[in-house]
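Here's the structure, in structure tokens; my notes come after.
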Amino acid sequence: MNYGLKDKVALITGAGRGIGREIALALADEGCHIALVDVDENTLNQTASDIKSKDVKALALKADVSNSTEVEKVVDETYKMLGAIDILVNNAGITRDNLIMRMKDEEWDKVIAINLKGTFNFTKAVSRYMLKQRSGKIINIASVIGIGGNIGQANYSASKAGVIALTKSSAKEFATRNINVNAIAPGFIQTAMTEVINEEVKKKMLERIPLQRLGTVRDIADVVLFLASDKSSYITGQVIVVDGGMVM
Ligand code: NAP
């Protein structure tokens with residue numbers, strides 16, 4: 001335990017699997033008590049039981065991040081059960097790829113609702129507690145696609161560019177209350193989200209990565225630990241790109 005996070009309370013969205021699960025496990029290893037939020041009850045309960053074995057508290061909270069009523073409920077529940085909310089990681093996200101001319105309304109709306117509005121919903125609900133506490137760390141998981149765009153991902157790139165802008169606005173709005181808000185922009189990380197990409201496209205992506213490997217969920221969790229700790233207390237409103245050098 002190197003980050004001074006023992007007994008802090010962290011809420012992580014999309015924590016059932018992938019990057020969110022690894023972030024939750026890494027924060028638990030540092031002694032944080034964890035509130036896990038996900039739509040999938042099975043993966044949620046599995047992650048919660050893995051965390052409980054680390055001798056910290058874990059709350060499994062089923063909620064859809066795009067539903068503001070559900071979000072307020074799980075945030076209030078976290079505060080009631082764990083007594084504080086020191087760290088928020090807005091990680092839940094989806095893709096619904098299609099070319100613009102073929103993109104259906106639902107594909108656009110769902111991605112914006114979960115990736116962007118979901119991040120807003122949790123930022124708003126948690127800010128009530130963090131502003132009162134006069135401390136907090138908010139970490140938003142964006143994407144390099146939100147910086148550079150991508151063919152077939154107009155909805156996803158717009159949602160992640162929105163997350164980056166939201167990060168900067170909330171960093172400015174909350175700065176006087178000692179709340180740091182930063183974003184991480186992962187590149188190509190090995191999870192279920194990227195498993196569906198075909199081998200040919202994966203090979204091409206690899207050619208564009210100077211460090212010559214795909215990212216791991218741990219690569220992202222390690223940066224979350226830094227941003228959640230006071231080792232990053234003079235950093236706010238920034239986007240940390242974690243992509244093996246793909247975007248420079
Ligand atoms: P993942 O493996 O698909 O995990 C995402 C988790 O979020 C899943 O457990 C999912 O539940 C949950 N989720 C989906 N919609 C939700 C909702 N409405 N409310 C609550 N939870 C919801 O994805 P990942 O690769 O770990 O990605 C995590 C984040 O990193 C996302 O924001 C993604 O955009 C970002 N990112 C990933 C990569 C990458 O290469 N993997 C690159 C850049 C950015 P289900 O299991 O039910 O789907």
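For ligands, and for the atoms within them, numbers begin at 1 and follow the listed sequence. Basis for what follows: all heavy atoms, side chains included, without hydrogens, waters or symmetry-related copies.
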Checklist line | Side chain proximity check, His33 to Asp7, heavy atoms < 4.5 angstrom | finding: yes
Under 4.0 Å from one or more heavy atoms of Val65, ligand 1 contributes atoms 17 (C), 18 (N), 19 (N), 20 (C)
Any Thr78 side-chain heavy atom under 4.5 Å of Leu61 side chain
yes
Atom 5 (C) of ligand 1: of Ser159, Ala15, Gly93, Ser66, the nearest heavy atom sits on Gly93
protein heavy-atom neighbour closest to atom 25 (O) of ligand 1 works out as Thr191 OG1, 2.5 Å
Counting from 1 in the order shown, the ligand 1 atoms closer than 4.0 Å to a non-hydrogen atom of Tyr156 are 33 (C), 34 (O), 35 (C), 36 (N), 43 (C), 44 (C)
query: What about Arg17: any of its N or O atoms under 3.5 Å from an N or O on ligand 1?
result: yes
The answer for which part of Arg21 has a heavy atom under 4.0 Å from ligand 1 is neither
Only one of Thr167, Asn140, Thr119 passes side-chain hydrogen bond (donor to acceptor under 3.5 Å, both in side chains) with Asn90, and that residue is Asn140
Quick note on ligand 1: atoms under 4.0 Å from a heavy atom of Ala63 include exactly 19 (N), 20 (C)
CG of Asn155 to CE of Met103, rounded to nearest 0.5 Å, is 3.5 Å
Per-atom filter on ligand 1: closer than 4.0 angstrom to a heavy atom of Phe188 are 40 (O)
Check: Asp76/Tyr129 side-chain N/O donor and acceptor closer than 3.5 Å:
yes
Here the atoms of ligand 1 under 4.0 Å from any heavy atom belonging to Thr194 are 39 (C), 40 (O), 41 (N)
For atom 14 (C) of ligand 1, the closest protein heavy atom turns out to be Ile94 CG2, 3.7 Å
In terms of its nearest heavy atom to atom 18 (N) of ligand 1, the top option of Val163, Leu44, Asp64 is Asp64
When distances are taken from atom 9 (O) of ligand 1, the protein heavy atom at minimum range is Asp38 OD2, 2.7 Å
Checklist entry - Would Arg213 and Asp219 count as a salt bridge (charged side-chain N to carboxylate O under 4.0 Å, His left out) if you check the C-alpha gap in whole Å, the side-chain angles of each, and the deciding distance to 0.1 Å? => result CA-CA 12 Å; Arg213 67 170 177 87; Asp219 290 322; 2.9 Å; yes
Atom 26 (O) of ligand 1: closest protein heavy atom, distance to 0.1 Å, is Ile19 N, 2.8 Å
shortest atom 28 (C) of ligand 1-to-protein heavy-atom contact is with Asn91 OD1, 3.2 Å
Near Ile189 (heavy-atom distance under 4.0 Å), the atoms of ligand 1 are 39 (C), 40 (O), 41 (N)
Counting from 1 in the order shown, the ligand 1 atoms closer than 4.0 Å to a non-hydrogen atom of Gly18 are 2 (O), 26 (O)
